[in-house]
Structures are given as C-alpha cells and as structure tokens.
Amino acid sequence: MDRSGDPAVLADLIGRRLTGRTGGLYRRLADALAALMGSTELPVGAKLPAERRLAEALAVSRSTVVAAYDELRARGLVESRRGSGTTVARSASRGRSTADKRMPLGYGESLFHRITVGPGDVISMTYAVDPGIPDLAAEVEDLARTDLPTLLQDVGYHPRGIEPLRERIAEHFEQSGLPTSPDEIVVTSGAHQAIALVTQMYLRTGAAVVIEQPSWPGCFDLFGAAGGRVVGVPLDDAGIRPDLLPAALKKHQPAMLFVMPTFHNPTGRLMSPARRRQVAEIAGRYGVVVVEDNAYSAGDPAGPEIPPPLAAFAPGHAEVLTIGSVSKAVWGGLRIGWIRAPRPLADRLARHKALADLGSPVIDQALTARLLPRLAEVTAERARLATGRRAHIGELLRDRLPEWEWEEPAGGSALWVRLPDTDARVFAQIALRHGVEVVAGHAMDPTGDHDNYLRLPFAYAPEVLIDAVNRLAGAWQEFRRHGPEPGVPMV
C-alpha cells in the first residue's frame, strides 16, 4: 500500500485547496503545493510528479501544472534539472519547525478532512450522519436534575464502563439474540476507539488483517498505523465470500478477520444468517479472531429482519468480538460505543482502555444508559427517514445522472455508485471544483477493483440533496465533455 510518488495521492492532498475563487487556478495550485513543501508529504528533495501525470490526476490542463511549477521555480521552492525532473528545494523548509511531524495522508483522509476543517462553502458528502434525536436535549436536562448529583460523588474513572450502562448493553444483546453478561462488555468512546483498542491488542508489525473488499477507509489507517497488512476478500449479496475466505486465512494466517455484517460500509449489504454461521465456522476452523463492527443498525423497514450478531452463530471454541455504538442512531456527538468479548478478552481490553483514557466520559455513559432501552425505537425512526431520503436521491440521480448505477442497499446511509468507464478519483477533483466533496472508491479498496465507484451518502435535508446532485450533474457534464485527457484545457 505504499503510495509515495503517486500523483493521485498528491491530488488528494491538494485538491481541496483548489476550490477558492480568488486567483488563477495555476496560482492556487502553486500555493497548495508550497503549503506542503518541507513537510512529511513533500520533504526537501522529493520529486514532484511529471506535469502531464499530475494534470491527469487533478483533471486540469497540463498548461496549468506547467504554470504552477514555473511559479514555484520563481519563488525558489523547486529546482528542475534536465532528465531529473522537478524536486523540492532546500529553501522550502525555511520557516517550518523541525518538530513539525505531519500525520501522513491515509485512506480515511477524504472522510476526516472535512470534519477537521469544518464545512466551508462545499457540500461535503464524505460522511453520513444525522442530527441528534429530537428529545435528546430533554434527556440531558432530566439527567442533570436527577442523576448528576449522584454521579458527581463518584471518582469518575471506569475503564470498563459504568455498571448501569454495561447492564443495558448486555440486555440489548440479549434482545438481539446473543446472550451476554455485563462482565463481557467494555465501554469505549465510539466504535472507532473500539476498533483501535482491538487493533492494539491483536496486531503486531507485519501481521495480516483479512477484511471485506471494499471496506471502511478508516480501518486501513488504523491497521496500517499498527504495522498491519490488509488483505481483502470480495463480497457477494450475502456478505464476504466463503469460497474465497479459507484460502485467504490459510495463506496469510491473519491476526484477525474484520467484517461489517450488518449494513456493510460502503455497500449497505446485510450478511445473511447462513453466511454469518459459515464465516464464524471458517474462522473457528483456522483459529482466527473475528471482529464484527455492527455500528450501522438502520435498515429498510420493508427489508429482511436483522439477524443476531455473528457471535451468536460461532462455535464454542471461536473468538468473536462484537462492536456497537449509539453514535449513528442517536447522535454523532454522543461518542459512546462498546465491545462484547469473552470475559478474559474483556479483561485485557479494559486494561488497554485504561491506558488510553482511563474511561469514557461518565455523563455521556449515563445518558446512553437512559437511551438504550429505546434504541430499537430510535433506530426504526432513523430507518424510516433513511428510506425516504434514499428514494429521494435515487429519483434525483435517475433524472440528472442516468448513466450512474447502484444497487439498492439493505440499510445504512449511503449509495455505492458505479460510474461508467471513469476513474472516480479524477471525477472527484472536478466535483470538488463544482462545490461538492465526494469519496472515491479507491479510498475503500486500494487494490483498484473499485476505482470507478463513489460512496454517496444521503443523510441530508431534501434541499441539500437537490443542490448536491445538481452540482454533481454539472461536474459530470464537464467531465464527459473534456475528460481527464492530457492537454485538454479545463480551466
């Protein structure tokens, strides 16, 4: 997965900086490159991509890149030698602290960038989240009146999670068909931290992780940061393919198998009960730990019933860890998730949690304990809203972008859209200049098998979806008219 020197990676880094309205495009491109020079992404001596290749990745004309490179040479930031290309000059590091260690670009960058910098003028379709449920404020006020005085008497450090919440989570699993005790629960700061803690516990440098292909971009970065190798196994309509899974487990002997059986991200597919049993049995046969992420729980009300977690189908000797969260169903700002694991593993996870932060915020946990008995009701309402929005965006796309194709997802908050004969990363650059930010399939499958796909969330108000699709249609018209062909003026 080493992508150094890849023009598409550089395009991902600088593309969002080209959306301004002031100055020519070549000057904005020069400024964007200059901002990265001397850092981890473009250190002194790094070779810039050839003009033609960077132009193709950014979907701009080659003359724009040539002019940007000329501008950088005039500023003394790059040097060019015949036969050696263009490299970052030593002067580019002036004014930058040697302690500045930038986080390298990851596969999740396209999702996390907008969360970090804020919305701006761009419609960002990089993540799919709903506002908090309507009565959340009333619950917070009641908690402050009735429960907070007692909570404040407590020390506030609970690496496993407060007992009332672990009891409610155990009851939630019981209702879903998976018998669970509170001692098998570790509360985390969202599903993201749950995956991070499991990664810390199981992954060692060079170890493999088998995942579904495609998958959530953030897991590539979490596993990669721990020194792991990601191995993808394709999906079919029922989930990860059992005919290909044994060979992957035998060949790579992974530290764990990571799957999203309930409304897989990004496809929205629901793993069937029979497939859950197959996957659990195959993993047990090869002695591989299974980590299932069931953070997405809102499905089509008219669709199939959600099966019990994969752990409910596992043979007795199998190790299965089940991750859940209220962030998707209740509110993204309520960063409470959990891991269900056999007691010895839960004990180890609690120690990792203690090292991470001594325990998740107690007030948030107490609020979640109040809400969990209503989680099924809240999720059903989210599913009803999602179904209407999915139908709405489907109508818009069929009207404005009839060439685009997708499968109707069983659940989740996004469409997995196939673009005909198109590198979605290049189209994403044009879409960004039309004021809408999308995530290309490469972020969810670095093998290249889904480079012509986009993840298109629909958890937005109707007027925002209309505006976004109109902008995408304008970008698509420009792309089809000019395309990424080198030398074609696009500015």
- Message: Quick check: do Leu372 and Leu165 have side-chain heavy atoms less than 4.5 Å from each other?
- Response: yes

- Message: Using only atom types and a distance under 3.5 Å, with no angle test, would you say the side chain of Arg335 pairs donor to acceptor with the backbone of Gly190?
- Response: no

- Heavy-atom closest contact (Ala191 atom, Ala295 atom, distance): CB-CB, 4.0 Å

- Taking the six-membered ring for Trp, is the centroid-to-centroid distance between Trp216 and His192 below 6.0 Å? yes

- Message: I'd like to know if the side chain of Gln429 and the backbone of Ala11 have a donor-acceptor N/O pair within less than 3.5 Å.
- Response: yes

- Query: Does a salt bridge link Arg425 with Asp451, judged by any charged N lying under 4.0 Å from a carboxylate O?
  - Reply: no

- Given side chains that start at C-beta, do those of Leu197 and Gln200 come closer than 4.5 Å, heavy atoms only? yes

- Task: Applying side chain to side chain contact (heavy atoms under 4.5 Å, CB included), run through Gln193 and Asp357 and close with a yes or a no.
- Result: CA-CA 11 Å; Gln193 188 190 47; Asp357 57 15; 3.1 Å; yes

- Can you list the steps and then say if Glu171 with Arg168 is a salt bridge (charged side-chain N to carboxylate O under 4.0 Å, His left out)? CA-CA 5 Å; Glu171 291 169 3; Arg168 299 293 88 74; 3.1 Å; yes

- Task: Measure the shortest side-chain to side-chain distance between Asp135 and Arg374 over non-hydrogen atoms and say whether it is less than 4.5 angstrom.
- Result: yes

- Using a cut-off of 6.0 Å, state whether more than 12 heavy atoms not belonging to Glu463 lie near its atom CD. yes

- Query: Hey, are the side chains of Val438 and Thr126 touching, using non-hydrogen atoms and a 4.5 Å cut-off?
  - Reply: no

- Task: For the pair Arg418 (side chain) and Tyr453 (backbone), establish whether a donor and an acceptor sit closer than 3.5 Å, ignoring hydrogens and angles.
- Result: no

- In Å, rounded to the nearest 0.5 Å, how long is the span from CG of Leu375 to CZ of Arg382? 10.5 Å

- Take Phe427 and Trp404, measure what ring pair (Phe, Tyr, Trp, His ring centres under 6.0 Å) needs, and give me the verdict at the end. CA-CA 13 Å; Phe427 171 72; Trp404 291 14; 5.7 Å; yes

- Query: If you measure from CG on Leu36 to CG on Leu13, what distance do you get to the nearest 0.5 Å?
  - Reply: 5.5 Å

- Test side chain to side chain contact (heavy atoms under 4.5 Å, CB included) applied to Leu465 and Leu397, Asn470, Leu396, the passing residue: Leu396

- Task: Decide side chain to side chain contact (heavy atoms under 4.5 Å, CB included) for His434 and Leu472; before the verdict, give the C-alpha distance in whole Å, the side-chain angles of both, and the deciding distance to 0.1 Å.
- Result: CA-CA 7 Å; His434 280 254; Leu472 287 172; over 6 Å; no

- Could you tell me whether Asp142 and Arg145 make a salt bridge, using a distance below 4.0 angstrom between a side-chain N and a carboxylate O? yes

- Task: Would you mind checking if Arg275 and Asp237 are paired as a salt bridge, meaning a charged N to carboxylate O distance below 4.0 Å?
- Result: no

- Strictly by modelled atom types, are Thr180 and Arg340 linked by a side-chain donor-acceptor pair under 3.5 Å? yes

- Query: Is the side chain of Arg455 donor-acceptor paired with the backbone N or O of Pro266 at a distance under 3.5 Å, no angle test?
  - Reply: no

- Task: Begin from the C-alpha positions of Leu10 and Asp12 and carry the test side chain to side chain contact (heavy atoms under 4.5 Å, CB included) through to its verdict.
- Result: CA-CA 5 Å; Leu10 193 56; Asp12 284 341; over 6 Å; no

- Distance from Leu415 atom CG to Glu405 atom CD, nearest 0.5 Å? 13.0 Å

- Mind checking salt bridge (charged side-chain N to carboxylate O under 4.0 Å, His left out) for Arg277 and listing every partner two or more places apart, or none if nothing turns up? none

- List the steps and the verdict of salt bridge (charged side-chain N to carboxylate O under 4.0 Å, His left out) for Glu408 and Arg390. CA-CA 9 Å; Glu408 287 294 329; Arg390 185 174 71 237; 3.2 Å; yes

- Message: If I take atom CZ from residue Arg241 and atom CD from residue Gln278, how far apart are they, to the nearest 0.5 angstrom?
- Response: 12.0 Å

- With side chains defined as the heavy atoms from C-beta onward, is the minimum distance between Trp338 and Phe173 less than 4.5 Å? yes

- Note on the structure: When every non-hydrogen atom of Ala459 is compared with those of Arg389, the smallest separation belongs to CA-NH1, 3.9 Å

- Using only heavy-atom distances, determine whether the side chains of Glu281 and Tyr286 contain a donor-acceptor pair under 3.5 Å. no

- Here the pair of heavy atoms bringing Ala475 nearest to Ile430 is O-CG2, 3.7 Å

- Query: Arg384 and Thr379: side chain to side chain donor-acceptor pair (under 3.5 Å), yes or no, with the steps?
  - Reply: CA-CA 9 Å; Arg384 186 188 66 79; Thr379 300; over 6 Å; no

- Message: Could you check whether atom CD of Glu174 has more than 12 heavy atoms from other residues, nucleotides or ligands sitting under 6.0 Å from it?
- Response: yes

- If we only count heavy atoms from C-beta on, is the Ile185 to Ile339 side-chain gap below 4.5 Å? no

- Message: Would Glu437 and Ser124 count as a side chain to side chain donor-acceptor pair (under 3.5 Å) here? Give the steps.
- Response: CA-CA 5 Å; Glu437 188 174 32; Ser124 180; 3.0 Å; yes

- Task: Measure from the side-chain N and O atoms of Asp236 to the backbone N and O of Gly239, and report whether any donor-acceptor pair falls under 3.5 Å.
- Result: yes

- Examine the side chains of Glu292 and Thr322 and answer whether a donor and an acceptor come within less than 3.5 Å of each other. yes

- Under 3.5 Å donor-acceptor, Gln365 side chain and Ser360 backbone: yes

- Message: Is there a side-chain contact between Asp293 and Ile195 in this structure, where contact means two heavy atoms from C-beta onward sitting under 4.5 Å apart?
- Response: yes

- Flag side-chain contact, heavy atom, 4.5 Å: Leu371 against Leu334: yes

- Task: Using a cut-off of 6.0 Å, state whether more than 12 heavy atoms not belonging to Trp406 lie near its atom CH2.
- Result: yes

- Decide, yes or no, whether a salt bridge links Arg343 with Glu184 under the criterion of side-chain N to carboxylate O below 4.0 Å. no

- Note on the structure: Nearest heavy-atom contact between Phe220 and Pro446 is CZ-CD, 3.7 Å

- Task: Working to the nearest 0.5 Å, report the span between NE2 of His450 and CE of Met444.
- Result: 11.0 Å

- Message: Is it the case that the side chains of Ser181 and Asp183 hold a donor-acceptor pair, with the cut-off being a distance below 3.5 Å and no angle test?
- Response: no

- Message: Could you measure the distance from the OG1 atom of Thr199 to the CZ atom of Arg204? Nearest 0.5 Å is fine.
- Response: 11.0 Å

- Message: Test of understanding: with side-chain hydrogen bond (donor to acceptor under 3.5 Å, both in side chains), list the residues that count as partners of Glu407, not counting sequence neighbours.
- Response: Arg269

- Item | Considering all heavy atoms, the nearest Ala414-Pro409 contact | O-CG, 3.8 Å

Side chains of residues 254-264: which donor-acceptor partners sit under 3.5 Å, not counting sequence neighbours?
| unit_1 | atom_1 | unit_2 | atom_2 | d |
| --- | --- | --- | --- | --- |
| Thr262 | OG1 | Arg276 | NH2 | 3.1 |
| Thr262 | OG1 | Asn294 | OD1 | 3.2 |
| His264 | ND1 | Thr267 | N | 3.4 |
| His264 | ND1 | Thr267 | OG1 | 2.8 |
| His264 | NE2 | Pro214 | O | 3.0 |

- Item | Closest approach of Ile336 to Pro361 (non-hydrogen atoms, all atoms of both residues) | CD1-O, 4.4 Å

